[in-house]
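Below, each value reflects all heavy atoms present in this structure, side chains not excepted, and no hydrogens, waters or symmetry copies. In what follows, chains are A, B, ... by sequence order, proteins preceding strands, each numbered from 1.
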Number of protein chains: 2
Amino acid sequence: MAKTMAQTAADTADTTQAPPQGRIRRENVERILKAAERVFAEAGFAGATMADIAERAGLPKANLHYYFGTKDDLYRAVLDNILRLWLAPIASFTPDADPAATLTAYVTAKMEASRSRPHASKVFANEILHGGTQVERFLAEDLKALVDAKAAVIDGWVAAGRMAPVDARQFLFMIWAVTQHYADFDVQIRKVLGRRSLTRQDFDAMTAEVLRMVLRAAGLSEVQAAEPQTPAPQAPTPLQPESPPIP
Amino acid sequence: MAKTMAQTAADTADTTQAPPQGRIRRENVERILKAAERVFAEAGFAGATMADIAERAGLPKANLHYYFGTKDDLYRAVLDNILRLWLAPIASFTPDADPAATLTAYVTAKMEASRSRPHASKVFANEILHGGTQVERFLAEDLKALVDAKAAVIDGWVAAGRMAPVDARQFLFMIWAVTQHYADFDVQIRKVLGRRSLTRQDFDAMTAEVLRMVLRAAGLSEVQAAEPQTPAPQAPTPLQPESPPIP
DNA sequence: GTCTATACCTTGATAGAC
DNA sequence: GTCTATCAAGGTATAGAC
């Protein structure tokens, strides 16, 4: 239950306020937010404890309450950071941009976000999964407006014959689903592939393959370059560890 | 922490054991499992309380412990049900099957699962999101073996030129990500689309669009069915060259 | 077999010394 | 501003009446 300290969290997250002794405060807030993002990602909101977060941040529990008031407020602060991160990379969708180049950049950015900020993706996924009560306005206002605008851009591309006909909103959902899957379901992916961890090279290979599928789904084939060489299609980037390449 | 009652849960889930007074027991177990799936989906493992589950099942708390021992055991029983459900629809991937027909049936089945059993999908997603400790063996053994086998089938299709070259495992990941997204992220989808709920008609339309994108990603245009009637397919053929019909 | 009442424990939050 | 000690709420699990 949200209590009364919403303004406290707002203040700490407010970058415009930079008074005297703000330096160590700022560092501590940053450490707490980072630790909280990780613990919330690993355990969910209910499963995360303030003690866990404090330990990971290397601070006493009471400090978390001093800076953020309640667990609820801390959670919202973490989410706030994530939402900002979320909206950024889609900006490049503009009517005059090249569809293939734009999609390539977007998918690459989303995959890079899944690689570098997996905890952020998981916290957001967890929030949506459980009803998204804390991000309801974000979804219904900010995100909806953004999707409406970008869907219009995609519709324009389709109308101009610059990509295959797609339902623009579902096309965006597909890109989100696929790219975020590599962060949110990393355990499943690793176990199925028999990998202990996913390296940057793995992500590069996976990104290339995701990109190929997304571009095909958009009717934008990227095979022009590597096509004429061999009669046999070049094998997709091998991700499988020991599984033999079955003929 | 799992205690000692694992065998209790195992017994109740064991269908081979059908002794005297099994009728009401069976009904109660079923009601509890159904209620638990829903509560676990909505709140996650840590957020769910035995009291919530009991209330939704219309039984006293103590009964849950009588039938399932611990909360942990109940959770595992719910997961067991879901995992069985999970593996079923992929069976139709066989070397001699038609790729387009097989993929169509599979995507349709997965979308139908997202529509009819959203709570199951969410419980599974939540489990994976938080490390998948309860399904580690399932992932590393059962699921991995299944994916290896089905990836071999897909590789065969590709080698025979019956579909575009794809990384088979990532292709399966994509299908899972996209179809399950409609259950797991339903809140986001509804808010972005401005819908209060997603009807069966919505799902039919979304399924058709997902199918179109997946088939394109596989280099399989979906026009076979509606082909003989008219020379012009209902979907305006893209001006850009699509992935070439594989030799 | 079923359910009420309760014991025990974890955890969020705070008071008050430093 | 920081941290130790403590409280109160809410949760799992069980004992024992029915």
Mutual orientation of the aromatic rings belonging to B:W176 and B:F173 [parallel < 30°, tilted 30-60°, perpendicular > 60°]: tilted
Separation of atom CE in B:M50 from atom C1' in C:dA7, rounded to whole Å: 17 Å
Touch class at under 4.0 angstrom, heavy-atom based, for A:A48 against every strand present: sugar-phosphate
Nucleotide C:dG1, atom P - distance to CG of B:L64 in whole Å: 16 Å
Whole-Å distance separating the CZ atom of B:F68 from the C1' atom of D:dT14: 18 Å
Side-chain donor-acceptor contact under 3.5 Å, B:D204 with B:T207: no
Phosphate contact (D:dG1 OP1 or OP2) by A:N28 side-chain N/O below 4.0 Å: no
Strictly under 3.5 Å: I want the nitrogen or oxygen pairs between protein and nucleotides 3-10 of chain D, one per line.
{"residue": "D:dC3", "atom": "OP2", "partner": "A:N63", "partner atom": "ND2", "Å": "2.9"}

Protein-nucleotide distance (A:K71, atom NZ; C:dT10, atom P), rounded to Å: 16 Å
Lys/Arg-Asp/Glu bridge criterion (N-O < 4.0 Å) met for A:R76, A:D80: no
Rounded distance (Å) that lies between atom P of C:dT11 and atom CG of A:L74: 16 Å
Ion pair check, A:D148 and A:R169, cut-off under 4.0 Å: yes
Considering all heavy atoms, the nearest A:F93-A:K150 contact: O-NZ, 3.0 Å
Atom-pair distance (CG on B:D52; C1' on D:dT12), nearest Å: 13 Å
A:H65 side-chain N/O to C:dA13 phosphate OP1/OP2 under 4.0 Å: yes
Whole angstrom value for the distance that separates P of D:dT12 from OH of B:Y75: 15 Å
Distance under 6.0 Å and angle within 45° of ring axis: A:K71 vs A:F45: yes
Non-neighbouring partners of B:R195 that pass salt bridge (Lys or Arg N to Asp or Glu O under 4.0 Å), sequence neighbours left out: B:D202
Distance in angstrom units between B:I53 CD1 and D:dG11 P, rounded: 12 Å
Closest nucleotide among C:dT2, D:dT12, C:dG12 to the B:I24 side chain: C:dT2
